[in-house]
Undergrad: 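One structure follows; several queries about it will come next.
Below, chain A is the first sequence line, B the second, and so on; all start at residue 1.
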Amino acid sequence: MSKHQPVRGTHDLLPDDYRRFAHVVDTARDVARLYGYREMATPIFEFTELFARGIGETTDVVSKEMYTFADRGGESLTLRPEYTAGICRAFVSNGELTQQLPLKLFAAGPMFRYERPQKGRQRQFHQIDLEVLGAPEPGADIEVISVAADILDRLGILERCVLKVNSLGDPECRGVYRQVLVDYYTGHIDKLSEESKNRLQRNPLRILDSKDEGDKAINANAPSFTDHLNQASRDFFAAVKDGLTASGVPFEVDPALVRGLDYYTHTAFEFVTTHLGAQGTVLGGGRYDGLIAELGGPPTAGIGWAGGIERLMMLCNEPAPLPRPVAFAPLGPAAEAKALAIARTLRRAGIAVEQDYRGNMKRRMQRANKLGARAVVIIGDDELAKGMAQLKDLDSGAQREVALDALVDALKG
RNA sequence: GCGGCCGUAGCUCAGUUGGUUAGAGCGCCAGAUUGUGAUUCUGGAUGUCGCCGGUUCAAUUCCGGUCGGCCGCCCCA
């Protein structure tokens, strides 16, 4: 048993699971297309350097969660832990893309993070991803969030989610605020939780979100980012909020919303749910105006998000059932041969046909029933001689004789 | 990375206060007259009781380790 176990934190997607998986991706792709986003893909692994520089050396993702290995040539490579860095790298690598601004992209695929698995948290997981490059305007933020809301709506889970938004300001006021926070918490360092003492070095904004009761008390009087946003950041955030309201996308401002990737600026947002335990974030993202320049590309604004497909699947309603097939029950070699030809004709007419490979009448009927077939086409020597088939409706049990060349019409209606 | 819970047939689970052949429901397989499913009836098979080791006359049951899942923290999708 144990040697047949999949690697920790990985899962097989069996056909029934995969249908729901594909439903999420298909729905997202359809909605993205409605907004003019084009799908693309980047490699699953990149040079380690890309993620280290892009996401930030001190982030948890980079410092302890990456699948990094040396290839046979000695290059340090990393299985992508998120999509944005790879897409930005592709933007820098492919000059033609810089002439298509604003560039609107959709992508989906597997991501890898070495974490302790839980429900909704795997080591290989999958994301849908949306990015707009080259649009510094708040309109892009509004649009990107609106696409997300529409996808969640189409999946039937929007009402089980809350959209939280926040502004992380621009680098200028964020640096100022960060220092103000560090000063404040340093003054209370003896009462801070161990966890938060660590955060003070790496990401002090994160302390605002602490679940520790002692930290919460200190947070009550902590200086707020809202008071430290500069005018440009304030205006930008206001425009985003107004746009969301105008679009009819409900949201809550959450001043404690901080994202764990260093590249975010201005808008940060998450769709969260209370239905998935500790893994409440279903889709999240933000603006990253400095990332592409940081990677050595032309200074280009960016905004986007990623959604966890497995998490979305868990919230989703069952996708629409597949169209029910027609099954064949040919009896004898002559009928089997004839059935092959008829089945192809039916399929060319768009009718799904299931063909079993063996068995008598009883077995064929049982298989048909198990496959969820709506009807069975029965052809034996008698029928063959007359150029007819017995057509049995499996729901009503009714059976009638139909000419072989009339089957398409009989099954289409 | 930290703390905790759990691991018995394909699935959901019961059970053994350590002791001959480990159970149920669902599902699966086979029959109920030769070319008719689903429904009903009858019968059948489920299994290294996660894996390795220890204690014991004896372990699926106790202990340790390990692998995996789950819950909370952390982090995030």
Undergrad: Under 3.5 Å, is there a donor-acceptor pair linking the side chains of A:Thr281 and A:Glu270?
TA: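 The answer is yes; a qualifying pair exists.
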Undergrad: Indicate, yes or no, whether a donor-acceptor pair under 3.5 Å links the base of B:rG35 to the side chain of A:Glu383.
TA: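 Such a pair is found, so the answer is yes.
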Undergrad: Can you confirm whether more than 12 heavy atoms, excluding those of A:Lys119, are under 6.0 Å from its NZ atom?
TA: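 12 or below, so no.
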Undergrad: Measuring only the P atom in each nucleotide, how far is B:rU46 from B:rA22? A whole number of Å is fine.
TA: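 Taking atom P in both B:rU46 and B:rA22, they lie 10 Å apart.
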Undergrad: Pick base, sugar-phosphate or nothing for A:Asp212, based on heavy-atom distances below 4.0 Å to the nucleic acid.
TA: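 The answer is nothing, as A:Asp212 stays clear of every strand by at least 4.0 Å.
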Undergrad: Using a 4.0 Å heavy-atom cut-off across all strands, classify A:Arg199 as base, sugar-phosphate, or nothing.
TA: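 A:Arg199: backbone/sugar contact only, no base atoms under 4.0 Å.
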Undergrad: At 4.0 Å (heavy atoms only), tell me whether A:Gly280 reaches a base, stays on the sugar-phosphate, or touches nothing.
TA: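 The residue A:Gly280 makes no contact with any strand.
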Undergrad: Base, backbone or nothing for each nucleotide of nucleotides 25-33 of chain B, written B, S, -, heavy atoms under 4.0 angstrom, 5' to 3'?
TA: ---SS----
Undergrad: Taking OP1 and OP2 of B:rC76, is either one under 4.0 Å from a side-chain nitrogen or oxygen of A:Arg206?
TA: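 For B:rC76, OP1 or OP2 has a side-chain N or O of A:Arg206 closer than 4.0 Å.
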Undergrad: Name the nucleic acid region contacted by A:Gly9, choosing base, sugar-phosphate or nothing; use a 4.0 angstrom heavy-atom cut-off, strictly under.
TA: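 Sugar-phosphate contact only - A:Gly9 comes under 4.0 Å of backbone atoms but never of a base.
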Undergrad: Check whether the side chain of A:Arg116 and the base of B:rG4 form a donor-acceptor pair under 3.5 Å.
TA: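 Result: at least one qualifying N/O pair found.
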Undergrad: I want to check one thing: is the phosphate of B:rC75, taken as OP1 and OP2, less than 4.0 Å away from some side-chain N or O of A:Arg121?
TA: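 A:Arg121 to B:rC75 OP1/OP2: no side-chain N or O under 4.0 Å.
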Undergrad: Please report the distance separating the C1' of B:rU60 from the corresponding atom of B:rU55, rounded so that it comes out in whole Å.
TA: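 Here B:rU60 and B:rU55 have their C1' atoms 16 Å from each other.
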Undergrad: What does A:Ile378 touch in the nucleic acid at a heavy-atom separation under 4.0 angstrom: a base, only the sugar-phosphate, or nothing?
TA: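 Base, at least one base atom sits under 4.0 Å.
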Undergrad: On a plain distance test, is the side chain of A:Arg364 in donor-acceptor contact with the base of B:rG35 below 3.5 Å?
TA: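 No, the side chain and the base share no sub-3.5 Å donor-acceptor pair.
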Undergrad: From C-beta outward on A:Arg113, which listed nucleotide comes closest to its side chain: B:rG35, B:rG68, B:rC76?
TA: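 For the A:Arg113 side chain, the nearest candidate turns out to be B:rC76.
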Undergrad: Are OP1 or OP2 of B:rG69 and a side-chain N or O of A:Lys119 less than 4.0 angstrom apart?
TA: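 No, A:Lys119 has no side-chain N/O under 4.0 Å of OP1/OP2 on B:rG69.
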Undergrad: Think A:Lys241 forms a cation-pi with A:Phe237, using NZ or CZ under 6.0 Å from the six-ring centre and within 45 degrees of its axis?
TA: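 Judged by the rule (NZ or CZ under 6.0 Å from the ring centre, within 45° of its axis), A:Lys241 counts as positioned above A:Phe237.
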Undergrad: Determine: side-chain N/O of A:Arg311 to OP1/OP2 of B:rC76, distance under 4.0 Å, yes or no.
TA: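 No, no such contact exists.
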